[in-house]
Every structure is written in C-alpha cells, then in structure tokens.
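Chain letters run A, B, ... following the sequence lines, proteins first, then strands; residues in each count from 1.
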2 protein chains.
Amino acid sequence: MGTTQLESVQEPKYWHLKTVLSEALDSDFAVGEILPNERDLAARFGVARATLRQALEQLELEGRLQRRRGVGTTVAPPRVGVAVSTAQHEWTGGVTGEAWQPVDCASEAAPSAVAAMLGTGTEPVHVVRRIRDTHGQAVAAELLYVPASSVPDLSAIDAPSGTVRARAVLRELHRLGLEGQDRSVELGSARADDAKELDRLPGAPVLVVTTRYFAAGGTAAVSIATYRADTCRLTFGDSGALEISHDEQQERQAS
Amino acid sequence: MGTTQLESVQEPKYWHLKTVLSEALDSDFAVGEILPNERDLAARFGVARATLRQALEQLELEGRLQRRRGVGTTVAPPRVGVAVSTAQHEWTGGVTGEAWQPVDCASEAAPSAVAAMLGTGTEPVHVVRRIRDTHGQAVAAELLYVPASSVPDLSAIDAPSGTVRARAVLRELHRLGLEGQDRSVELGSARADDAKELDRLPGAPVLVVTTRYFAAGGTAAVSIATYRADTCRLTFGDSGALEISHDEQQERQAS
DNA sequence: GAGTGGTCTAGACCACCAG
DNA sequence: TGGTGGTCTAGACCACTCG
C-alpha cells in the first residue's frame, strides 16, 4: 500500500514566509515604510510569532529590513558601498565625507593575536579608537594597534589619552609612509562596545576587516575594524564602487 | 524613595551562555570534539533548549562550532584563509590545490542587476557554474556571467552545455587578457542551490563576493561568488594570507 | 530504531520608545 | 502609558544520520 508521497518538498514555513515577505517588500512597500507589528503579521500569516521572527531575521540579515525596539520594523534602503581599498588612508580623520573620526586613545597590552602580527611581546601598544561615518550614520568601529616603536617621535607634550592623543598617533603614523597592506574579511558578531558605537544590539552580525600596515620591512600597525553587516557592502578595487546591491539580491532570491 | 537600582546590567541569558561556552571551548575541548547534545546542555545550564540554541547559533556564526543534523555539534577548526585578490585568476580550473572546478554552463538571461553591470540588455549570456574547493571542502559556489559578445570565437563544436562548454568559455575569457577588476563583499544568505553545493542548509550565512572583470574598456564578465561565512576568512592584498583568526576571536571576545 | 539537530507553537515577561 | 521588538519557556513533532 504505497502511500502516495504527495511530493511535499517540506519547505520550512519560515523560508516560504521569507520569500512571500520579500516579494511583498518589492511590490507593496517603499523604503522607510513601517511594516505591521510582529503579532499582527504572525496572525495574518497564521504562524507563531517565533516563526515570523525567523523570517524577519533573515530579511534583516540580508539588509532588506531594519528593526528597532520600541519603534517597529521598517523597509531598509539599499546597502551603502563602503570603500576599504584606498591607499590614501584617512589617517588624520579629515573633513571629507567618508572619514574616520578619532575617538580615543589608550596604552594597553595588545591581544595576543594582534601582538603576534605586530611581532611585539606583551609590552603596551597605543590603541586608537575610531568611528567611521557615512551619510551621518556610524558604519564601522575600529581599534588600531600601534606599537610605541612605530611612532618614536610621539611628543610627550600631547595628552596621554583622549582624542588629542589619538590624532597625534595618527599623525606620526602617517609620517611613516606606509608601504603596503594585507587585509582579510570575515563574519563576526559585535562585541558590546562596538555594538553601542554602531547603534546595534550586542551580537549583531558584523564584517570584521583585519588590516596589517607595513613600513620599512616590518608591521607598523594592525587595524581591526567592524562594519555593520546589515547596512554595508564593502568595496575593493581600482575603480569606483559598483553601484548595485539591493536589486541584485532581489534577482538572486527570485531564481 | 529611590529603588536601589542594584546595577543589574540585565545581560541576556543567551549572551552570558555564549561567553561561558566560548571559554569552555577554549579550555576543555579539542578541535573536532563532539559536544553534549542540546537537550543535555540546556538542562545542565538550567535554560530552555531554545535559549541554548540561540547561544550555539552565535558561536556557529563566529566559526567556533559546527552543527549537523542527525550527527551532533562539534568544535570547528580555525577559519581557513581564502585568497580572492590574486590577479592570476584560475580560469582553467587547473590542478592546483585552491582551484575553481567548472561544473556546468548554460545560456540564460542574466538577472537585471547583472545585466546592468554588463551593459547588456535582456539577451542571453553564458552562465558558468563553478565550485571552489579547499582542503577537500567546498568553500564557495560561483555564477559567472559572460556575454556572448565577450567570447565571439567560442567554437560551435564544443558542447552546448555542461562541463566541456564551461571550460571552453573560461578558455576564451582567459585569452581576452582581462585588465582589472572591481570587487565588493557583503553578507547574504545562501540560496537553496548554493546551499546544496556548500553542504549547508538554505539560508546559511554566506559572504557574497561580486566581481566585475574589465577588458578593452568594457565589462567582460561579472562573477557572483558565495563563500561559506562560517568556515571562510577572505584574504586580500599583495602579500600572503595573514594566518590568524581563531585566536584573535578569542581575544576579542574576552575583552 | 535510537539519537541528533531543525522547526514550530502558544504563551509570558521585559526593555525601550513615543505621544 | 500603550505599543514595539527582544528574550525566554516547556513543550511537540519532523528530517536526518548511523549503527
């Protein structure tokens, strides 16, 4: 008595839901528009709220939605392209639109992995904290590790910490004339302090960019920058940014 | 009557759990070791299974754990560095260890976003499917879009589809002498077909690398490659890969 | 068939934001 | 103060792997 099998592919509910919502976003909603709340949406689709949330989480991960506690769920704008390749690193945090803003500076022992890249031991290094803004939005938080030996001429007159000190370290580093860099990108989750700077909850997905700066045959500095994965598209390469993200995702999802 | 506030930071349980588990992984487990099952772990920590799973999901996202249905949860090895910067793209899918393996080739209309980058209309393009292996593990799946106009000398003798056709398109593309490339990286979730190739569930987090290849002043091809975000660290840059990931994460988490 | 992780439910309470 | 998303619970069943 073979049961007729019914070719039920058994697609998970949240997956199907995500597809439906994605199509609805394309056709029925404008960027910035507020969606119905989770309880209503769940009821409307006849699923538990947890299941609905699973679909929303995926869409947020893909940069389609933005959720804020106490406010609601809105349709996110397309991801912004953020250049990370430029050789002319904005060490001074100038007045350009895509600048890093120095926030603070401390002298601490580097994490062991960073120390290994720097070739230093456990002696303290300068740790410069910077925030990157784009269009008035914080998109990245960075910790820049600079061994004292890289910036020997750092004036003792400058403040021992704070923004002034940070700018001084960056200035000295800039004068070194860095020769090249080595970079890697991986997925991570935001530490509590980074999450706060980026206006996200702890654990939010981030793209961790680790950069090693060379000068005079050695590693002069190491940067660990965390970019908001929901809103950012990291761009590399010689020419300008490529300007497509949102549409592409729609296409990819559709197939 | 000010309530004494008690400085209860109200750290979520799953966040604390994640920290505890992370430390346990560092001290008490070896790579590849199997953890107790989720029901036991949840009982041991006195939380619901769903809460325990939230912590495990984060750790998997960070590449610390690997979970397989019907098998169990194991301690993941450090992420592998995968180079994506090399100019000498392995068009032919050679016999080197880090090669792309051509799988298939079809002639289809490109998604609109891809068509926009190519500057083509709706006419069909060659779509080459490739898989990238590292250490015997599939780490990336790619769709390479090549307009027919880019490879005019493509022999009609070659098969109209399949691996043979794929290799023929790659060979012709290689002969063009590509001049440069433009690249972007963003977070995405695996489509069903990519997930299957990568041995992951649909929706698994992936790093989507979009590359635009130039030749003779135009865009000769566009590649959309999806890398497993859990196991891969994408490396760019002039020199070799930087060899740190796992330890670094431990350090970052600890602070 | 036994055991694993994956999905789903129907509740509850909390932290946060705005009017 | 009311409404939102964020966290958490205690169950249930399913899909998958393996011996």
Side-chain angles (χ1 to χ4, degrees), chain A residues 3 5-18 21 33-61 65-76 189-190 192 195-196 199-205 230, chain B residues 3 5-18 21 33-61 65-76 189-190 192 195-196 199-205 230:
Chain A
T3 50
Q5 188 51 23
L6 196 46
E7 77 145 348
S8 61
V9 279
Q10 266 303 62
E11 190 179 46
K13 274 190 189 178
Y14 77 90
W15 186 259
H16 180 245
L17 205 56
K18 176 194 146 187
L21 284 171
E33 200 171 342
I34 301 182
L35 268 63
N37 72 54
E38 297 182 349
R39 290 162 181 86
D40 283 354
L41 276 179
R44 188 174 310 187
F45 287 105
V47 300
R49 191 178 156 216
T51 305
L52 185 270
R53 279 180 60 82
Q54 216 173 337
L56 293 184
E57 264 150 39
Q58 286 249 351
L59 290 170
E60 192 180 29
L61 203 74
L65 291 179
Q66 196 161 341
R67 297 191 289 175
R68 274 176 303 173
R69 170 156 47 178
V71 179
T73 302
T74 58
V75 180
S189 51
K196 192 177 177 186
D199 191 29
R200 299 258 66 196
L201 291 175
D230 55 342
Chain B
T3 50
Q5 187 51 24
L6 197 50
E7 77 141 352
S8 62
V9 281
Q10 266 303 59
E11 190 179 46
K13 274 190 188 178
Y14 78 91
W15 185 261
H16 180 244
L17 205 56
K18 178 194 145 188
L21 284 170
E33 199 171 343
I34 302 181
L35 267 62
N37 72 55
E38 297 183 349
R39 291 162 180 87
D40 284 354
L41 276 179
R44 187 173 312 187
F45 286 104
V47 299
R49 192 180 156 215
T51 304
L52 186 268
R53 278 180 60 82
Q54 216 173 336
L56 294 184
E57 263 150 39
Q58 285 250 352
L59 290 169
E60 191 180 29
L61 202 75
L65 291 180
Q66 197 160 344
R67 297 192 288 175
R68 273 175 304 175
R69 171 157 47 178
V71 179
T73 302
T74 58
V75 180
S189 51
K196 192 176 177 186
D199 190 29
R200 298 260 66 195
L201 292 175
D230 56 342

*Got a sec, which residues hit salt bridge (charged side-chain N to carboxylate O under 4.0 Å, His left out) with Arg49(B), two or more places apart in sequence or on another chain?*
Glu38(B)
_Counting C-beta onward and ignoring hydrogens, is there a side-chain heavy-atom pair between Gln54(A) and Lys13(A) closer than 4.5 Å?_
no
_Rounded distance [0.5 Å steps], CG in Leu201(A) versus CZ in Arg69(A)_ = 6.0 Å
*To the nearest angstrom, how far is Arg67(B) atom CZ from dC16(D) atom C1'?*
15 Å
*Could I get the full list of side chain to side chain contact (heavy atoms under 4.5 Å, CB included) partners for Gln58(B), not counting sequence neighbours?*
Ser189(A), Tyr14(B), Trp15(B), Lys18(B), Glu62(B)
Taking N or O atoms only and anything under 3.5 Å, show me the protein contacts with nucleotides 2-4 of chain D, one pair per line.
| unit_1 | atom_1 | unit_2 | atom_2 | d |
| --- | --- | --- | --- | --- |
| dG3(D) | N2 | Gly70(A) | O | 3.3 |
| dT4(D) | OP1 | Asn37(A) | ND2 | 2.7 |
| dT4(D) | OP2 | Asn37(A) | ND2 | 3.0 |
| dT4(D) | O2 | Gly70(A) | N | 3.0 |

_Separation of atom OH in Tyr14(A) from atom P in dA15(D), rounded to whole Å_ = 14 Å
*Residues which pass side chain to side chain contact (heavy atoms under 4.5 Å, CB included) with Leu41(A), listed by chain and number, not counting sequence neighbours*: Leu35(A), Pro36(A), Phe45(A), Leu52(A)
*Go through residues 50-60 of chain A and report each residue with a non-hydrogen atom lying under 4.0 Å from DNA chain C, sorted by number.*
Ala50(A), Thr51(A), Gln54(A)
_Whole-Å distance separating the CD1 atom of Ile34(A) from the C1' atom of dG5(D)_ = 13 Å
*In Å, rounded to the nearest 0.5 Å, how long is the span from CD of Glu11(A) to CG of Leu17(A)?*
10.5 Å
*asked:* Does atom CG (Asp199(B)) have a neighbourhood of more than 12 heavy atoms from anything else shown, all under 6.0 Å?
replied: no
*asked:* According to salt bridge (charged side-chain N to carboxylate O under 4.0 Å, His left out), who are the partners of Glu33(B), at least two apart in sequence or on a separate chain?
replied: none
*Of the non-hydrogen atoms in Asn37(A) and Asp40(A), which two are nearest, and what is the gap between them?*
OD1-N, 2.8 Å
*Show the numbers, then the answer: is there a salt bridge (charged side-chain N to carboxylate O under 4.0 Å, His left out) between Glu60(B) and Arg68(B)?*
CA-CA 11 Å; Glu60(B) 191 180 29; Arg68(B) 273 175 304 175; over 6 Å; no
*Under 4.0 Å from any heavy atom of chain A: name the first and the last nucleotide of DNA chain C that qualifies, 5' to 3'.*
dT7(C) to dC17(C)
